[in-house]
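The figures that follow rest on heavy atoms only: side chains count, while hydrogens, waters and symmetry mates do not.
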Amino acid sequence: MAGHTNEKPPSRFTVFATVTFYLVAAIAMVMANKWVLNKTDVPLFFLFTQLVIAVVLFAGLHVSGFLFRMPEKPMDMALLKGLAPMVILGVVNLNLNNFTLKYVDASFYQVARGLVLPFTVVLSSMMLHHRPSLLIMVAICIVTGGFLLGVAMDLSPGGMTTTTPIGVICGVLSSVTTALQAVVIKQALGVVGGNAMDLSWYNNVLCAFIMVPCIVLAGEVPNVMRLFNEGGPALSTFIYGSAIT
C-alpha cells in the first residue's frame with residue numbers, strides 16, 4: 001500500500017547508543033560551559049565563539065563534501081523574514097541558557113530548566129493544535145512537581161549557596177524560549193525545504209552576526225580585550241572550553 005515503507009525501526013542498541021551519546025555530550029557541555037563562565041566574564045563573547053566554531057565546522061564539512069553542502073539559495077529578504085523568529089528566539093534562548101548556568105550550580109542546571117516539557121506541550125497544543133494524551137499530562141505533573149520541589153529545596157537556607165533566584169528566573173525563561181523554539185523550528189523547516197542541515201547552517205551564521213552588536217551593547221568589549229591581553233589561566237580555560245563545546 002502507498003505510504004508504507006520497508007525500513008526497519010532502529011535496533012535497541014542503536015537507540016541506547018544514541019541516547020547515551022546525547023547524555024554524555026550534554027553533561028560534558030554543561031560542565032565545560034560552567035567552567036568557562038566561572039573563570040571568565042565574557043558570556044556573550046563565549047557564545048559568539050561557539051557559534052563561529054560551528055560555522056567553521058559546517059564550512060569544513062562543505063569542503064570535504066561530507067554530510068553537508070552549503071545551500072545554493074541566497075540569503076534574500078524572504079529567507080531572512082522566514083527565519084527571523086527562529087533566529088531571534090535562538091539568540092535569546094542561548095543567552096538565557098548561559099546566564100542560567102552562570103547563576104546556578106551545574107548539578108541544578110537541568111532542574112532550573114525543568115519546565116521545558118510542560119511549556120512545550122502547552123505551546124504545541126495552542127499553536128500546532130496537538131492534544132496531549134493522559135499519560136503526557138501525568139508526565140507534565142510529575143516534571144512540574146519535581147521542578148517546584150527542587151527549587152524549594154535548593155533555595156532553602158540549607159540548599160546550595162551557588163543557586164540564586166535570578167538563576168531560577170533565567171531557567172524558567174529559558175524553558176519558555178526552548179519550548180517556543182520547538183514550535184518555531186517546525187515552521188522554519190518549511191522555509192528551507194525541510195532540510196535540517198541547511199536550517200542549522202543558516203541559524204548559526206545569522207545568530208553569530210546578531211551576537212556582535214549584542215557584545216558591544218552589553219559593554220563586554222573591554223572584558224574581551226582584558227581576557228586576551230592578560231592571558232593566563234582565564235584565557236586557557238576559555239580556549240579549552242570553546243574547543244570542547
Side-chain angles (χ1 to χ4, degrees), residues 15-57 89-120 139 142-155 159-182 185 200 203-204 207-208 211 214-215 218 220 223 227 233-245:
V15 174
F16 173 79
T18 302
V19 173
T20 301
F21 174 79
Y22 173 80
L23 290 174
V24 172
I27 292 172
M29 288 189 65
V30 168
M31 298 304 295
N33 282 344
K34 183 64 175 178
W35 180 40
V36 174
L37 292 172
N38 281 346
K39 297 293 184 179
T40 65
D41 193 25
V42 289
L44 299 184
F45 181 71
F46 178 48
L47 177 56
F48 169 75
T49 302
Q50 292 173 313
L51 291 168
V52 170
I53 290 174
V55 171
V56 171
L57 291 175
L89 267 176
V91 171
V92 174
N93 179 252
L94 290 171
N95 280 288
L96 284 172
N97 287 345
N98 271 1
F99 281 109
T100 300
L101 191 55
K102 184 178 180 65
Y103 291 109
V104 304
D105 190 82
S107 61
F108 187 75
Y109 175 69
Q110 294 299 343
V111 176
R113 298 180 66 251
L115 294 181
V116 171
L117 175 61
F119 282 130
T120 300
I142 294 174
V143 170
T144 304
F147 168 80
L148 296 174
L149 179 62
V151 170
M153 292 179 64
D154 211 70
L155 293 181
M160 299 178 184
T161 57
T162 54
T163 297
T164 62
I166 189 173
V168 176
I169 292 172
C170 286
V172 173
L173 293 176
S174 172
S175 298
V176 175
T177 54
T178 300
L180 281 171
Q181 267 192 305
I185 285 175
S200 183
N203 185 56
N204 281 287
C207 284
M211 285 304 302
C214 291
I215 293 170
E220 209 170 271
N223 294 342
L227 175 68
L235 181 58
S236 298
T237 300
F238 180 86
I239 294 173
Y240 290 137
S242 299
I244 292 171
T245 56

**Student:** Testing the basics here: between N95 and M211, what is the closest heavy-atom pair and its distance to 0.1 Å?
**Tutor:**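 So the two residues come closest at ND2-SD, 3.6 Å.
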**Student:** Determine yes or no for a side-chain-to-main-chain donor-acceptor pair under 3.5 angstrom, with E220 supplying the side chain and F45 the backbone.
**Tutor:**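 Checking the backbone N and O of F45 against the side chain of E220, a donor-acceptor pair under 3.5 Å is found.
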**Student:** Output the distance between atom NZ (K39) and atom CG (L235), rounded to the nearest 0.5 Å.
**Tutor:**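 Atom-to-atom, K39:NZ and L235:CG are 14.0 Å apart.
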**Student:** Please lay out, stage by stage, how L101 and N97 fare under the test side-chain contact (heavy atoms from CB on, under 4.5 Å).
**Tutor:** CA-CA 6 Å; L101 191 55; N97 287 345; over 6 Å; no
**Student:** Minimum heavy-atom separation for G241 to V36, with atom names?
**Tutor:**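 It is CA-CG2, 3.5 Å.
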**Student:** Taking atom CG of L94 and atom CG of N203, what is their separation to the nearest 0.5 Å?
**Tutor:**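 If we round to the nearest 0.5 Å, L94:CG and N203:CG are 7.5 Å apart.
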**Student:** Return the minimal non-hydrogen interatomic distance between P118 and T144, and the atom names on each side.
**Tutor:**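 Closest heavy-atom pair between P118 and T144: CG-OG1, 3.5 Å.
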**Student:** Counting C-beta onward and ignoring hydrogens, is there a side-chain heavy-atom pair between L44 and F48 closer than 4.5 Å?
**Tutor:**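 In short, these two side chains do not touch, never coming nearer than 4.5 Å.
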**Student:** Which heavy atom of T40 sits nearest to which heavy atom of A234, and what is that distance?
**Tutor:**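 Answer, listing the atom of T40 first, then A234: CG2-O, 3.7 Å.
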**Student:** Do you know which two heavy atoms are closest between L37 and P43, and how far apart they sit?
**Tutor:**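 Answer, listing the atom of L37 first, then P43: CD2-CB, 3.8 Å.
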**Student:** To the nearest 0.5 Å, how far apart are CD1 in I215 and CG in N223?
**Tutor:**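 Rounded to the nearest 0.5 Å, the CD1-CG separation comes out at 11.0 Å.
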**Student:** To the nearest 0.5 angstrom, please state how far the CD1 atom of I244 sits from the CD1 atom of I239.
**Tutor:**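 The CD1 atom of I244 sits 12.0 Å away from the CD1 atom of I239.
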**Student:** V42 versus T49: any side-chain heavy-atom pair under 4.5 Å?
**Tutor:**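 They are not in side-chain contact.
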**Student:** Do N33 and F46 come within less than 4.5 Å of each other through their side chains, counting heavy atoms only?
**Tutor:**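 Contact flag for N33/F46 side chains = yes.
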**Student:** If only atom types and distance count, is the side chain of K102 paired as donor or acceptor with the main-chain N or O of D41 below 3.5 Å?
**Tutor:**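 Looks like no, no N/O pair under 3.5 Å.
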**Student:** Of the non-hydrogen atoms in S175 and F119, which two are nearest, and what is the gap between them?
**Tutor:**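 Between these two residues, the closest heavy atoms are CB-CD1, 3.8 Å.
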